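Reading through the structure tokens given below for one structure.
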Amino acid sequence: MKESIETIKKKFNSELAAAYDLETLEKVRVRFLGKKGEITSLMKSLGQVTAEEKPLLGKELNQFKKSAEKMLEERKTELKSNTSLSLWEKERLDVTLPGKPFKIGRKHPLISVLKEMEEIFTCMGFQVVEGPDVEMDYYNFEALNIPQDHPARDMQDSFYITPDVLLRTHTSPVQIRTMEAQAPTLPVRVIAPGKVYRRDDDLTHSPMFHQVEGLVVDKGISMGDLKGTLLLFAREMFGSDREIRLRPSYFPFTEPSAEVDILCIICDGRGCRTCGDSGWMEILGSGMVHPKVLRISGYDPENVTGYAFGMGVERIAMLKYGIDDIRTFYNNDLRMLKQHQIS
Ligand code: DAH
């Protein structure tokens, strides 16, 4: 009998400690104090012990029953007010222990550069707009005055989905979409960042990369506005004494067109391997929006003019951080991501 009491005490204590909710607690109560409960049964069997033992065992059993009832009651109150740490948690949680250090995620260096570019242009009054990655041939080529036989239209160079739908090969189609939606309201002053896709894959080309397109349309916009804006951009991005130069070029959707170089950020114009000894690095394509492009998008080229530019984000990031393999951006190698903790 005496041993049974001890065993049941131990059992009761451990089951009580493991009761984390009211439902389990009630089960514990029934198991020990219910009509057929273990303590109740023990009390019933008191009749079988000798008259000598009875008073002592009876007393002990009664005390155990009372304390069990009290403990169950206390545990119940505690579980009901679950706002504070339970007794169980208090015993196991040492709040004075030092916390576990956790790693904080950061922006990918490429996204960080993209955001920096967005910031520079929004500070100059540009609005950020977006267009679809899956684009219609009309917006990607046709409306941009890119002729049917232009090499960019080749199946070899672009990812076609159907004969009229493809993954956009540049962000320039957003120029058309923006003007169409806004015409004839002036001014148009937007940048369009996003992913573009080409069938290319080597050290400096990836089948998917990022561009930022710029477009300004208003009365009296000139090549001077384009140059001033891009000079300010280059200085914000690469340092306040950076020089730029415009070289005549050709794009079907601008006339005249220019490619823009910055003074090499490695050698400052003296000539090095990175700039191919020229002292300059090409960073973007640009020009005055072609009259045909303005007209097809709802603006009258007799009354308004505009400029546009487009640049590769990976290229800018590679120049800025001296990265020579474009795939570095997509490998998600933690060592590289840690090395370029930009912000
Ligand atoms: N879309 C051209 C490309 O991907 C870049 C470009 C050149 C954009 C001239 C323009 C521009 O807006 O005016 O190569």
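Numbering of residues begins at 1 and proceeds along the displayed sequence. Atoms within each ligand, like the ligands themselves, are counted from 1 in listed order. These figures come from a predicted structure and were not determined experimentally.
- Taking a cutoff of 4.0 Å between a charged side-chain nitrogen and a carboxylate oxygen, Asp261 and Arg247 qualify as a salt bridge.
- Hydrophobic cluster of Leu263: the remaining members, joined at side-chain heavy-atom separations below 4.5 Å, are Trp280, listed by chain and number.
- With 3.5 Å as the limit, one finds a donor-acceptor pair spanning the side chains of Thr229 and Tyr307.
- Salt bridge Glu116/Lys107: absent, no basic N to carboxylate O contact under 4.0 Å.
- Under 4.0 Å from any atom of ligand 1, one finds heavy atoms of residues His170, Ser172, Gln175, Arg198, Gln211, Glu213, Phe251, Phe253, Thr254, Gly285, Ser286, Gly287, Ala308, Phe309, Gly310.
- Heavy-atom neighbours of Glu119 CD from other residues, nucleotides or ligands within 6.0 Å: at or below the threshold of 12.
- When only modelled atom types and interatomic distance are considered, Tyr197 and Glu135 share no side-chain donor-acceptor pair under 3.5 Å.
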